[in-house]
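In what follows, chains carry the letters A, B, and so on, assigned in the order in which the sequence lines appear, proteins first and then strands, with residues in each chain numbered from 1. The figures here come from the full heavy-atom set of this structure, side chains too, leaving out hydrogens, waters and symmetry mates.
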Protein chains: 2
Amino acid sequence: MNKSDLKMISVLERTGGFASAQELHQILRREGDGIGLTTVYRALQSLVDDKIVDLLRRDDGEAIYRLCGDGHHHHLVCKGCGQTVEIEGGAIENWAKAKAEEFGFREVAHTAEIFGLCSKC
Amino acid sequence: MNKSDLKMISVLERTGGFASAQELHQILRREGDGIGLTTVYRALQSLVDDKIVDLLRRDDGEAIYRLCGDGHHHHLVCKGCGQTVEIEGGAIENWAKAKAEEFGFREVAHTAEIFGLCSKC
DNA sequence: TTGGAAATGATAATCATTTCCATTTTCATG
DNA sequence: CATGAAAATGGAAATGATTATCATTTCCAA
């Protein structure tokens with residue numbers, strides 16, 4: 001956990017929703033921070049490794065990052081403004097477990113995201 | 001639906017699981033087909049638009065394609081051999097709908113995939 | 001047969017992400 | 001304070017998937 005990591009956490013806190021590495025870099029630059037793109041990628045990677053931020057993918061494959069609460073959970077993401085809500089899996093956890101068992105799969109993980117327009121957009 | 005589209009459907013049928021555009025291109029080349037990478041991308045895009053193939057993303061963001069049955073469904077994907085099983089959403093459909101409603105989201109879509117090791121791997 | 005539209009594929013362009021590497025910062029220790 | 005090694009940094013180049021361009025070829029209806 002070094003200075004750059006903390007800087008990234010700070011931007012992610014301020015932006016709230018998901019943002020790509022390039023966007024986060026631009027925001028910091030706009031604020032007068034001379035941080036390099038390389039360092040942004042490095043810091044984000046390190047935070048993902050430490051499970052402090054979540055990594056997922058936009059439709060076009062670009063990686064987007066978000067500061068993340070503890071534990072396993074899913075997201076409700078607004079296509080308009082990017083704002084996200086963390087939600088508990090609940091039913092989906094059981095669904096994934098049951099299906100995996102049904103087909104004899106082991107060591108399973110799952111992803112589930114809901115996309116839509118929030119009430120403001 | 002042109003000749004290239006049909007060719008892509010044919011490879012996808014033979015490979016069974018998910019494959020990237022680059023992999024599909026290599027397979028065709030190996031079989032003596034002189035098809036260009038550009039055409040492979042174009043055909044896949046067109047098939048995705050027509051909802052004949054499914055597009056999802058590997059961990060690294062690379063797009064992978066799979067021939068797909070009708071209607072809305074999810075996948076159980078083997079991390080070992082890439083083999084996939086289409087599964088009905090069931091519980092997850094309701095879960096997504098309920099959560100979206102709870103937070104006032106409209107026009108929602110969702111993704112859900114289960115990854116694991118199949119009985120053979 | 002033929003004229004134009006659609007399809008094709010090589011090449012170049014784009015764009016996110018990684019790699020390389022030289023420089024700077026940090027910091028414990030003498 | 002000096003200093004030297006390790007970690008951090010950032011610019012530039014490399015990489016790799018995907019897309020855009022464009023000249024050429026194939027198709028097909030009239």
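Partners of B/E102 under the salt bridge (charged side-chain N to carboxylate O under 4.0 Å, His left out) rule, at least two apart in sequence or in another chain, are B/K99.
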N/O contacts under 3.5 Å, protein versus nucleotides 22-26 of chain C?
residue, atom, partner, partner atom, Å
C/dT26, OP1, A/K3, NZ, 3.0

Could you run down the sub-3.5 Å N/O contacts of the protein with nucleotides 18-21 of chain C?
none

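Atom pair A/D33:CG and D/dG10:P shows a separation of 8 Å (rounding to whole Å applied).
Taking only side-chain nitrogens and oxygens, B/T39 never comes nearer than 4.0 Å to OP1 or OP2 of C/dA7.
Listed candidates were D/dT9, C/dA10, D/dT18. Nearest to the side chain of B/R29 is C/dA10.
Residue contacts shown for B/G61 are absent, as no nucleic acid heavy atom lies under 4.0 Å away. Using a 4.0 Å heavy-atom criterion, one finds that B/S4 contacts the sugar-phosphate atoms exclusively.
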Distance-only donor-acceptor pairs under 3.5 Å for side chains of residues 110-120 of chain A, two or more places apart:
residue, atom, partner, partner atom, Å
A/H110, NE2, A/H72, NE2, 3.2
A/H110, NE2, A/H74, NE2, 3.2
A/H110, NE2, A/E93, OE1, 3.4
A/E113, OE1, A/H75, N, 3.4
A/E113, OE1, A/H75, ND1, 3.3

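The stretch residues 52-61 of chain A participates, sequence neighbours left out, in these side-chain hydrogen bond (donor to acceptor under 3.5 Å, both in side chains) pairs: A/E23-A/R58.
Residues from residues 7-14 of chain B that place a heavy atom under 4.0 Å from any atom of DNA chain D: there are none.
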Legend entry - side-chain contact (heavy atoms from CB on, under 4.5 Å) assessment of B/I9 paired with B/L67: CA-CA 7 Å; B/I9 291 177; B/L67 204 50; 4.1 Å; yes
Inset, instruction - Would you sort out whether B/M8 and B/D5 count as a side-chain contact (heavy atoms from CB on, under 4.5 Å), showing the intermediate values? - result: CA-CA 5 Å; B/M8 294 317 300; B/D5 290 355; 5.7 Å; no
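Between the CG atom in B/L28 and the CG atom in B/L37 there is a gap of 11.0 Å [rounded to 0.5 Å].
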